[in-house]
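Heads up, the thing below is written out as structure tokens.
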Amino acid sequence: MKTQVIEINENNIDAQAQAGLQKAGDILKNGGLVAFPTETVYGLGGDALNPESSKKIYAAKGRPSDNPLIVHIYRTEDLVPITRGVPQAAYDLAEAFWPGPLTMIMNKSDLVPYETTGGMDTVAIRMPSNRIAAALIRTGGGFIAAPSANTSGRPSPTLAQYCIEDLDGKVDMIIDGGQVGIGLESTIVDLTVDVPMILRPGYITLEMLQKVLGNVEVDRTIIDGNSKLKPKAPGMKYRHYAPKGDLTIVEGTQEHVTQYINRMAAEKMAEGEKVGIISTDATYGDYKADVVRSAGKREDEETIARELFHILREFDDEQVTVMYSESFDDKGIGQAIMNRLLKAAGHHVEHV
Ligand code: AMP
Ligand code: MG
């Protein structure tokens, strides 16, 4: 298959861009696949109500078929046909956070095929704020299944270039809308249980959800890496977000962390490994390794979130074999950052 790549500027959707979005929408309506930017990461879109489209998504990503897809909509009223009753909590959260990086789980209606929900009776739904995404969902028929547009197991794409790396020749079209704004996947909250539960942390934090809903719980497996429990979001059990090399997170005082990482880096380089380090602006100059990257200022969680997958992809491109990362505060968005980093590291943490 030849993959067409088109460029659209989210801030200037002119006549040419609209024609491109129309064409992309037609591809979706006809059962094809289109990768497109959202405010979180790039998504790989297909018609969520067409079982054949969902099967194609799993095949293109190499995604296990028990890992359900998120259905993307462009207006709140479209919750009605795809669910069995919309809980008031969903309307309250939609009012507060949609369009935006929040996914809600509800009971599905018969309109949504099991191919899309990985066999589950529930469906995950999100309304993205990116204008390219919203327009494409509309031209594509209103219900677009779109997991992250990466090969299963690789870091989620924050640039079109990474979608091209993973999906060229496997999808009909890739829309290049530049670098995404958030850089981490959406927060997932389950509304089918008595007390709403966060199944995947993201940019919308526990504190933000509690302000709207009152009581909110967090799936234990997000916090406890050694938990024997099964995560409630099937996708969270896989070793997601994984770079190709071995990543270790190092925790401790700044001085101990830099000393430890430099010592390990020197040892590994002497053994012939190519070493990459994830630092912060304050420590960037203190490290010696083949590739040193700063994720930004330690206090600036939004930048760290946006840079994280990008740096892991860069390490892959540079063929780094061993990586060390500083640890980050796990409050607010930090909970999502540490969740992804811990998964990327296979929960390998050194306390120094
Ligand atoms: P991705 O689109 O690649 O960010 O992955 C979607 C995530 O949503 C995966 O972790 C899925 O397991 C999770 N998910 C989707 N639908 C459901 C559902 N009905 N119940 C629980 N988790 C879900
Ligand atoms: Mg994904």
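Remember, it's 1-based here, ligands and their atoms both numbered in the order they're listed. Since we're looking at a predicted model, the values are computed, not measured.
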Query - salt bridge (Lys or Arg N to Asp or Glu O under 4.0 Å) pairs, two or more places apart, involving residues 113-132 - result: Glu39-Arg126
Requested in this report: With heavy atoms under 4.0 Å as the rule, classify the contact between Ile70 and ligand 1 as side chain, backbone, both or neither.
Outcome: side chain
Query - Side-chain touch Arg293/Glu307, heavy atoms, less than 4.5 angstrom - result: no
**Report entry** Transitive ILVMFWY cluster of Leu159, excluding itself - 4.5 Å side-chain cut-off
**Finding:** Tyr162
Query raised in the report: Should the proximity of Thr117 to ligand 1, defined as any heavy atom under 4.0 Å, be assigned to the side chain, the backbone, both, or neither?
Result: neither
Query - Flag side-chain contact, heavy atom, 4.5 Å: Thr116 against Val123 - result: no
Query - the Mg ion (ligand 2) contact by Ser148, N, O or S atom under 2.8 Å - result: yes
Query raised in the report: What's the verdict on salt bridge (charged side-chain N to carboxylate O under 4.0 Å, His left out) for Lys232 and Glu217, showing C-alpha distance, side-chain angles and the deciding distance?
Result: CA-CA 12 Å; Lys232 296 199 166 52; Glu217 291 180 342; over 6 Å; no
Query - Residues Asp166 and Arg313 bridged, charged N to O under 4.0 Å - result: yes
Report task. Provide the number and element of each atom of ligand 1 under 4.0 Å from a heavy atom of Ala124. Result -> 15 (C), 16 (N), 17 (C)
Query raised in the report: Hey, is Thr103 touching ligand 1 through its side chain, its backbone, both or neither, going by heavy atoms under 4.0 Å?
Result: neither
Report task. Please round to the nearest 0.5 Å and tell me the distance separating atom OG1 of Thr187 and atom CD of Gln335. Result -> 9.5 Å
Query raised in the report: Between Arg200 and ligand 1, which part of the residue brings a heavy atom under 4.0 Å of the ligand: side chain, backbone, both or neither?
Result: side chain
Query - Which segment of Arg63 sits under 4.0 Å of ligand 1 when only heavy atoms are counted - result: side chain
Report task. For Met120, counting its heavy atoms only, list the atoms of ligand 1 lying under 4.0 Å from any of them. Result -> 18 (C), 19 (N), 20 (N)
**Report entry** Nearest heavy-atom neighbours spanning Pro128 and Pro99
**Finding:** O-CB, 3.3 Å
Report task. Compute the shortest N/O to N/O distance between Ile105 and ligand 1 and return yes if it is under 3.5 Å, no if not. Result -> no
Query raised in the report: Would one find an N or O of Gly235, backbone or side chain, under 3.5 Å from an N or O of ligand 1?
Result: yes
Query raised in the report: Lys232 heavy atoms, cut-off 4.0 Å: which ligand 1 atoms fall inside?
Result: 21 (C)
Report task. Could you list which atoms of ligand 1 come closer than 4.0 Å to a heavy atom of Ser148? Result -> 1 (P), 2 (O), 3 (O)
Report task. State whether Lys331 and Glu301 are salt-bridged, where the test is any N-O pair (Lys NZ or Arg NE/NH1/NH2 against Asp/Glu carboxylate O) under 4.0 Å. Result -> no
**Report entry** ligand 1 N/O within reach of Thr122 N/O, cut-off under 3.5 Å
**Finding:** yes
Query raised in the report: By number and element, which atoms of ligand 1 are closer than 4.0 Å to a non-hydrogen atom of Ile188?
Result: 7 (C), 8 (O), 13 (C)
Query raised in the report: Asn67 heavy atoms, cut-off 4.0 Å: which ligand 1 atoms fall inside?
Result: 9 (C), 11 (C), 12 (O)
Query - Side chains of Met120 and Pro234 in contact at under 4.5 Å (non-hydrogen atoms) - result: yes
